[in-house]
Amino acid sequence: MYARPRMPDPVRAAAVRAVIIIALTLTQVVIVLLCTLAGSWLALPMAFCSLGSTVVATWAVLDIWITRQAWQQRHGVISTPSSAARRRPLRRQ
């Protein structure tokens, strides 16, 4: 049905984890904005937590890429030379 094959399980798990972390971080940022507009004392501690969550969310996105690269190295990728690649000439002895 789809042209692209399904992602490997570890990569998909990392992607789901990253989406959940990013959604929580964005929710936290909205709460900080609302607390700031309301003048609540909770705005400053929540801002620090949002800063930490941004670092964690960045790592989660990098984790997808790292997991994908590690999976490709462990399980191999069928590589075919591009049309620009040329065969090495045979050495005559």
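Atom-to-atom distance recorded for Thr67:OG1 and Met7:CE is 11.0 Å, nearest 0.5 angstrom. In this structure, Leu33 CG and Ser50 OG are separated by 10.5 Å, a value rounded to the nearest 0.5 Å.
With sequence neighbours excluded, the residues forming a side-chain contact (heavy atoms from CB on, under 4.5 Å) with Pro8 are Pro10, Val11, Trp71, listed by chain and number. With sequence neighbours left out, Arg68 forms a salt bridge (Lys or Arg N to Asp or Glu O under 4.0 Å) with no residue at all. Every residue meeting the salt bridge (Lys or Arg N to Asp or Glu O under 4.0 Å) condition with Arg6, not counting sequence neighbours, appears here in chain and number order: Asp9.
Nearest heavy atoms, Ala14 versus Asp63: CB-OD2, 3.8 Å. The two residues Ala60 and Ile21 come nearest to each other via the heavy atoms CB-CD1, 4.0 Å.
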### Query
Between Leu42 and Ile31, is a side-chain contact (heavy atoms from CB on, under 4.5 Å) present by the stated rule, with each step listed?
CA-CA 10 Å; Leu42 199 57; Ile31 291 172; 5.9 Å; no
### Task
Starting from the C-alpha separation in whole Å, work towards a yes-or-no answer on side-chain contact (heavy atoms from CB on, under 4.5 Å) for Thr54 and Thr25.
CA-CA 7 Å; Thr54 304; Thr25 302; 4.0 Å; yes
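With Met46 as the fixed residue, the side-chain contact (heavy atoms from CB on, under 4.5 Å) test singles out one of Leu34, Val29, Val32: Val32.
Under a hydrophobic-cluster definition in which Ile, Leu, Val, Met, Phe, Trp and Tyr are linked whenever side-chain heavy atoms come within less than 4.5 Å, directly or via other members, Val61 and Leu26 are assigned to the same cluster. A chain of hydrophobic side-chain contacts below 4.5 Å, direct or via other Ile, Leu, Val, Met, Phe, Trp or Tyr residues, connects Trp65 to Trp59.
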